[in-house]
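The structure is given below, and queries will be raised subsequently.
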Amino acid sequence: MEIVQLSALKDNYIYMLICEETGMTGVVDPTSAEPVLKWLKDNNKKLDCIFNTHHHWDHIGGNKKLQKKFPNCEIVAPASEMERIPDIDLPVFDGYGVRLGQCRAVVIEVPGHTTGHVAYWFEKDNALFCGDALFSLGCGRMFEGTPTQMWNSLKKIRNLPEETQIYCAHEYTEDNAKFAETIETTNPLLKKYHQRITKMQSENISTIPSVLAIEKAINPFLRCDHPSLKQAIGMPDSTAEEVFAEIRARKDNF
Ligand SMILES: [Zn+2]
C-alpha cells in the first residue's frame, strides 16, 4: 500500500491510501475535500473509500463533497457514530476487517478522545491510522471518555508490533515533546528525539509517521505504568489510570 500525507488547516494530516495491486484509492479523515480532490486530479485517480476515525469536523469535513463527486465511494466509520457521522455506508466495530483492494485492515476501538473513536491497523503495511487517539509524544484530549477508557485504548495500541508506524492526524510533536520533558526530565532518549524533531520542523519536514517502539520509550501517555515515570511525578504508589489522569490534566493546562 502506498501512503501519501496531505496537509490541511494549520496542523491536520490527511492520508491517501493506494492499493498498489488494484489502484483502489482511499482517504483517512478528510478534513476538507479540496486537498483530496486536487491530489486525485493530479494523480488521475478516483476515490473508492473514506475511512473516518471519529466524528470531529476536522476529520469528516470532506466526506459529503467527496461522496458527491464519487458516488460509489464508501464511507467507513464507527458503528456507534451513525448519528454523528452522516451517510455511513460501512459501520465498523472492534475486530472488524476492512479492505481497500488487496490491502486489509483491522478496526481497533480506541475510545477516550471521543466515545466512538476507532483506529485502522494495516498489519502487513505496518501502518496504524489512529486519528486523535494517540499523537507522537502525546495523546488526544479526553473530550468524552474516562481516564480508564483512554488508558485501555492506549494499551491496545501499545500492544501492536513495535515496528508499527503511527499515522496520527495532527502535527503536535514539538509541543508534545516540550510537555513530555516536564514529566520525564531525565529520559535521555526523549532529549535526543526532541532535538531531532526540532530540526525536522525547522526544515518543514513532517515528524509523522512515528514508530511505536519510539513512542513506547518516550511518550509519557504510553508509560503510565512505568515505575520510573510514577516516581518522576511523585505518584509511586498510584495506579496507571490515576497517573494517566494526572498527566492528562497537566497537559490540558500546559
Ligand atoms: Zn478529534
Side-chain angles (χ1 to χ4, degrees), residues 5-17 26-36 50-66 75-88 91-94 105 107-121 127-158 165-176 179 206-210 215 219-222 244-245 247-254:
Q5 184 179 61
L6 306 178
S7 292
L9 302 176
K10 191 167 142 265
D11 49 34
N12 277 73
Y13 287 131
I14 302 170
Y15 298 102
M16 303 303 305
L17 313 182
V27 61
V28 181
D29 285 351
T31 310
S32 61
E34 286 68 25
V36 179
I50 296 171
F51 297 98
N52 291 136
T53 60
H54 65 294
H55 76 87
H56 285 157
W57 67 271
D58 60 325
H59 297 255
I60 66 167
N63 282 16
K64 202 172 181 177
K65 204 166 175 183
L66 289 170
I75 297 178
V76 179
S80 57
E81 298 292 5
M82 297 289 277
E83 291 190 352
R84 299 198 287 190
I85 301 177
D87 306 319
I88 297 178
V92 295
F93 43 85
D94 202 53
V107 174
I108 304 174
E109 285 179 359
V110 285
H113 174 67
T114 64
T115 49
H117 198 304
V118 300
Y120 298 93
W121 179 38
L128 180 77
F129 297 91
C130 55
D132 292 351
L134 178 71
F135 296 126
S136 181
L137 303 189
C139 73
R141 250 174 214 263
M142 224 164 30
F143 284 121
E144 297 172 9
T146 65
T148 301
Q149 219 174 16
M150 188 120 192
W151 170 244
N152 285 335
S153 296
L154 294 179
K155 275 199 296 187
K156 279 189 187 172
I157 294 177
R158 196 174 67 171
Q165 309 263 312
I166 306 294
Y167 290 89
C168 57
H170 290 276
E171 178 65 64
Y172 290 158
T173 316
E174 200 168 4
D175 269 355
N176 287 342
F179 173 74
S206 168
T207 68
I208 309 299
S210 174
E215 295 301 323
N219 184 333
F221 295 99
L222 291 181
F244 176 82
I247 61 174
R248 187 58 257 176
R250 288 192 195 183
K251 179 69 168 70
D252 289 345
N253 297 307
F254 183 65

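This is a predicted model, so every value here is computed, not measured. Count residues from 1 along the sequence. Read the numbers this way: they start at 1 and go in the same order the structure lists the ligands and their atoms.
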**Request:** Verify the distance test for H113 against the Zn ion (ligand 1): any N/O/S atom under 2.8 Å, yes or no.
**Result:** yes
**Message:** So, of the N/O/S atoms that H56 has, which is the nearest one to the Zn ion (ligand 1)?
**Reply:** ND1
**Prompt:** Counting only heavy atoms not in K64, do more than 12 fall under 6.0 Å of its NZ?
**Reply:** no
**Message:** Quick check on K65: does its NZ atom have over 12 non-hydrogen neighbours (other residues, nucleotides or ligands) under 6.0 Å away?
**Reply:** no
**Asked** Of all the atoms in H54, is at least one N, O or S atom closer to the Zn ion (ligand 1) than 2.8 Å?
**Response** yes
**Donor-acceptor contact present, side-chain R250 to main-chain F179, <3.5 Å** = no
**Presence of N, O or S from D132 under 2.8 Å of the Zn ion (ligand 1)** = yes
**Complete:** Rounded to the nearest 0.5 Å, the OG atom of S32 sits from the CH2 atom of W57 at a distance of 8.5 Å
